[in-house]
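Below you'll find the structure, written out as structure tokens, and then a few comments.
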Amino acid sequence: MSVAAPTDLPSDTPRLLLIDGHSMAYRAFFALPVDKFATSTGQPTNAVFGFTSMLANLLRDEAPTHVAVAFDVGRTTFRTEQYEAYKGTRDVTPEPFRGQVPIIKQLLETLHIPAIEKPHFEADDILATLAAQARAQGMQVLICTGDRDAFQLVNDDVTVLYPVKGVSELARMTPDAVEAKYGVRPERYPDLAALVGETSDNLPGIPGVGPKTAAKWIGQYDGLDGVVAHAGDVPGKAGEALRENLEQVQLNRRLNALVADLDLPLGPEDLAARPWDRQELHTLLDELEFRTLRDRLFAMLPDEGEESSAAVAASALELAVLAEGELGAWLAGRSTGLLGLDVRGAGRPAAGDAWGVAIADAAGQAAVFDLAEIAPADERALADWLADAAAPKVVHASKEAWHALHGRGLPLDGVTFDTELAAYLCQPDRRAYDLSDLAIGYLRRELGAGDAQGEGQGAFDLELDRTDEGRRAAVRASAVRDLADVLTAELGDRGATALLSDLELPLVDVLARLEQAGIAIDVDYLTGLEKSFDAQVQDAAAEAYAVIGREVNLGSPKQLQEVLFDQLGMPKTKRIKTGYTTDAAALTDLFARTQHPFLEHLLAHRDAIRLRQTVEGLLRSVGADGRIHTTFQQTIAATGRLSSADPNLQNIPMRTDAGRQIRRAFVVGADYETLLTADYSQIEMRIMAHLSGDEGLIEAFRSGEDLHSYVGSRVFGVPTDEVTAAQRSKIKAMSYGLAYGLSAYGLSQQLSIEVGEASALMQDYFSRFGGVREYLTGVVDQARATGYTATILGRRRYLPDLVSDNRIRREAAERMALNAPIQGSAADLIKLAMLGVDRELRRRGLASRMLLQVHDELVLEVAAGERTEVEELVREQMGHAGDGLPDGPLSVPLDVSVGVGGSWHDAGH
DNA sequence: GATACCACGTA
DNA sequence: CGTACGTGGTATCC
């Protein structure tokens with residue numbers, strides 16, 4: 001593309017891209033986690049990565065014919081000479097950043113992009129000078145900088161790209177954009193900045209004067225000179241403040257004026273983009289260990305082998321121009337093949353809407369529709385196709401598409417592949433699966449700007465639908481279609497084909513209906529609860545303040561540390577990054593030692609504020625239908641669990657009595673008879689018994705005796721009915737701890753016993769249940785050898801850190817390896833159970849429905865007269881979820897307990 | 001305004 | 001020095 005072959009470009013106006021190197025690199029440094037971006041030799045690379053990524057995007061999207069990057073030199077400039085405190089508040093440059101600037105310069109050299117510096121001046125002055133010269137030569141100029149002073153350079157030929165979020169999102173500051181944001185034309189922006197001040201430059205403004213007031217004055221008096229001349233006329237407090245700070249304001253204005261007539265070694269004509277030094281670039285990228293970035297950079301070049309074929313495939317995308325009523329025929333002509341579907345819209349449960357749809361086939365033929373404008377015949381054809389279970393479709397994040405389409409009354413069926421789910425099964429530890437990232441990673445294809453936010457935020461304008469949004473939707477649909485092939489192969493390699501088609505994919509529809517149903521809320525009750533918790537907060541705070549004789553922010557760990565350790569002189573607790581912990585365990589321990597009443601009130605305050613916060617969050621989430629519709633996220637937890645968000649209904653309090661009251665607010669809906677909860681007892685321990693094959697543990701479950709008493713009797717060598725409550729709870733803690741990789745030290749902490757005793761307890765346990773120890777060591781060894789763990793359904797978790805040289809990381813990975821098969825197999829089982837329950841409810845034509853899943857528990861809403869049958873089928877499906885596993889049935893029974901009641905609280909056990 | 005950290009709820 | 005999450009507060013950075 002442009003940089004390598006400027007002649008390819010539309011050859012009208014030359015376009016100069018100017019970048020403030022230091023400013024953008026610094027932004028990148030703070031936008032990306034430094035610990036996640038380092039070479040194996042420890043060289044931090046987050047700033048280099050962020051800067052290069054941004055540069056690659058700019059080269060692609062802006063296709064400049066000329067490029068340069070300006071850098072600051074040192075800290076002293078003509079501005080610091082005029083005003084010693086200029087930029088004086090800035091901290092010392094962080095060490096991990098400092099070393100990255102030379103690397104960026106090296107990289108620019110391989111790209112043959114000039115890096116320009118001028119002692120005693122700032123990068124912005126260089127940009128100002130070059131922009132002025134370029135404009136005089138008839139060029140269009142783009143300036144990329146995080147320094148707002150550059151806004152003064154904006155005009156019809158000069159646009160500033162200002163980072164709004166990290167370095168990935170740039171605001172296009174044209175004259176109109178500057179005026180819309182600040183209320184002044186660009187040339188007046190420095191007047192405004194002089195009045196308001198600029199904290200990052202340590203230039204104080206006029207107290208009490210913000211952009212609004214400043215813009216008003218500037219408009220009123222025709223610029224800063226006028227404001228100064230008429231300072232005496234400005235009324236009110238602000239006017240007074242202006243008069244008191246006139247000198248500072250004028251100084252600010254002198255300092256924020258950019259110098260546009262520097263004598264520079266290179267002029268705009270010298271900045272024409274040149275071919276890269278590919279060899280050097282490869283070498284440098286090797287050193288930096290940038291893999292995806294290499295792909296992105298070289299994907300832009302023509303004739304670069306594999307990359308270019310992907311680029312060709314993407315550009316071969318052909319948007320069908322369909323006349324009204326032709327969609328049916330278009331679809332019919334493709335009825336046998338898998339089609340990619342992209343839905344533009346909002347995918348929120350019970351609040352979905354879709355405004356655009358793109359469909360693409362394997363050959364890159366695509367059709368796009370604006371749902372607001374679609375002709376009735378085409379809408380019918382589309383609706384039929386979407387709802388056709390026999391019309392195979394691939395969608396990225398199909399549950400969101402389901403909700404979006406549902407909002408338009410368009411049922412979705414026949415989704416035989418979901419690229420997000422497939423990528424999740426292949427790489428469960430990723431935290432995001434943006435389509436554009438997958439396209440780069442698996443197809444080496446750049447989808448272009450505007451899709452980073454993933455699902456359907458983009459507007460869908462008919463005027464644009466053959467160009468902008470419509471084309472992007474088509475690009476996405478086509479990428480999704482092509483990804484399906486690559487990911488199908490990838491899933492096969494990883495033994496996850498059935499996991500997708502038989503578990504996760506069918507679950508999408510089930511979850512979508514759970515979310516759509518939501519759970520009814522007794523809002524009046526919840527409001528009353530909020531008041532009551534609020535009163536408790538006030539009381540506890542007042543008492544806490546009374547004890548220490550002053551008011552502090554009890555929610556601030558920092559201020560609490562002052563009170564506890566400085567003012568009250570209490571013994572220090574466990575060290576954390578920012579001092580000493582004030583968590584509940586530490587406070588309880590401190591109270592036991594000091595009996596100080598402040599601690600009691602503080603803990604009470606913590607409890608109450610937490611409960612109030614939970615209630616407030618729930619109240620905010622209640623929909624117009626009086627129900628809360630959570631979102632079950634299917635691609636978040638690396639172990640295979642679901643997670644719940646907006647709001648999280650998987651962490652509603654249960655342990656304390658006050659907390660449990662919140663569960664009374666979750667009630668049965670008007671058209672139903674009761675709520676029903678069904679949960680697995682000790683599912684993780686049962687899975688441990690199954691996976692380890694330990695005869696003793698298996699027998700414990702088959703005997704039907706209380707698990708922890710049974711285990712306790714073996715460990716302590718006493719009859720089951722003589723195991724004391726204290727012994728039982730120790731055993732319980734240890735049993736669960738084992739599944740997490742608990743150490744003797746950790747166990748001792750939790751049980752408040754000596755490490756020796758904890759260690760002895762574990763020894764005794766393992767001497768009776770040796771199969772468990774063998775299993776636990778074996779699972780880690782195997783994972784180290786294969787690189788992954790696996791659940792009973794073959795769900796893998798890859799743990800490369802098992803062979804890390806870093807002990808902390810390695811041991812953390814070992815604990816993950818212990819836990820992932822257990823937690824993940826439990827997740828597999830309840831997902832199987834959900835499919836079974838759903839299938840049975842529908843097969844029998846029952847009106848009852850599932851509402852929630854909480855890891856080992858299902859909550860259902862039961863219709864009148866269906867209670868007995870629903871309970872029976874739920875017990876059956878959950879209890880036998882482990883019967884049809886690939887490697888044979890579970891070797892332990894699955895115990896299910898069921899409760900019913902008008903609220904979640906009353907239906908619980 | 002965005003990110004980091006703390007604290008804490010669940011399984 | 002126990003796994004997996006999501007949320008909301010304060011503090012802190014630009």
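What you see below is based on every heavy atom in this structure, not just the backbone, and it leaves out hydrogens, waters and symmetry mates. Chain letters run A, B, ... following the sequence lines, proteins first, then strands; residues in each count from 1.
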Sugar-phosphate only, base, or nothing, as touched by A/R797 at under 4.0 Å among non-hydrogen atoms
sugar-phosphate
Between C/dT10, C/dA4, B/dC8, which nucleotide has the shortest distance from any of its atoms to the side chain of A/A637?
C/dA4
Rounding to a whole Å, what distance do you find between A/I652:CD1 and B/dG9:P?
12 Å
Determine, stepwise, if the pair A/V854 / A/W904 fulfils side chain to side chain contact (heavy atoms under 4.5 Å, CB included).
CA-CA 12 Å; A/V854 193; A/W904 196 1; 3.9 Å; yes
Can you find a donor-acceptor N/O pair under 3.5 angstrom joining the side chain of A/R610 to the base of B/dC8?
yes
To the nearest angstrom, the CD1-P distance between A/I687 and B/dA11 comes to 16 Å
If you look at every strand shown and take non-hydrogen atoms under 4.0 Å, does A/A584 touch a base, only sugar-phosphate, or nothing?
sugar-phosphate
Regarding A/I576, tell me which of base, sugar-phosphate or nothing describes its non-hydrogen contacts under 4.0 Å with the strands shown.
sugar-phosphate
Residues touching DNA chain C, which here means a heavy atom under 4.0 Å, drawn from residues 825-832 of chain A
none
Verify the contact: side-chain N or O of A/R815 to OP1 or OP2 of C/dG2, cut-off strictly under 4.0 Å; return yes or no.
no
Salt bridge or not for A/E814 and A/R784, using N-O below 4.0 Å?
yes
Rounding to a whole Å, what distance do you find between A/H909:NE2 and B/dA11:P?
12 Å
Could you tell me whether A/E400 and A/R348 make a salt bridge, using a distance below 4.0 angstrom between a side-chain N and a carboxylate O?
no
Over how many whole Å does the gap from A/H905 atom NE2 to B/dT10 atom P extend?
13 Å
Have a look at A/T614 and say if it touches a base, only the backbone sugar-phosphate, or nothing, with a 4.0 Å heavy-atom cut-off.
nothing
Select base, sugar-phosphate, or nothing to describe what A/I636 touches, counting heavy atoms under 4.0 Å on all strands.
sugar-phosphate
For the base of B/dG9, is there a side-chain donor-acceptor partner from A/N651 under 3.5 Å away?
yes
Just to be sure I understand the rule, does A/R655 reach a base, reach only the sugar-phosphate, or reach nothing, if contact means heavy atoms closer than 4.0 Å?
base
Taking for each residue the nucleotide of DNA chain C with the nearest heavy atom, is it A/I808 or A/Q823 whose nucleotide lies nearer the 5' end?
A/I808
What integer distance in Å separates A/R431:CZ from C/dC5:P?
11 Å
Could you tell me whether a side-chain N or O of A/D147 sits under 3.5 Å from a main-chain N or O of A/A150, the two making a donor and an acceptor?
no
Cationic N near anionic O, under 4.0 Å, A/D657 to A/R660
yes
A/R612/A/D534 salt bridge by N-O under 4.0 Å criterion
yes
Interatomic distance, A/L852 CG vs C/dC5 P [rounded to whole Å]:
20 Å
Length of the CZ-P vector between A/F30 and B/dG1, whole Å
19 Å
So what does A/E684 touch, heavy atoms closer than 4.0 Å: a base, only the sugar-phosphate, or nothing?
nothing
Can you see whether A/E684 engages A/Q823 through a side-chain donor-acceptor pair at a distance of less than 3.5 angstrom?
no
Mind calculating the distance between CZ (A/R620) and P (C/dG6) to the nearest angstrom?
17 Å
Side-chain donor or acceptor of A/Q750 under 3.5 Å from a matching atom on the base of C/dG2?
yes
Looking only at side-chain atoms of A/N819, point me to the closest of C/dA4, C/dC14, B/dC5.
C/dA4
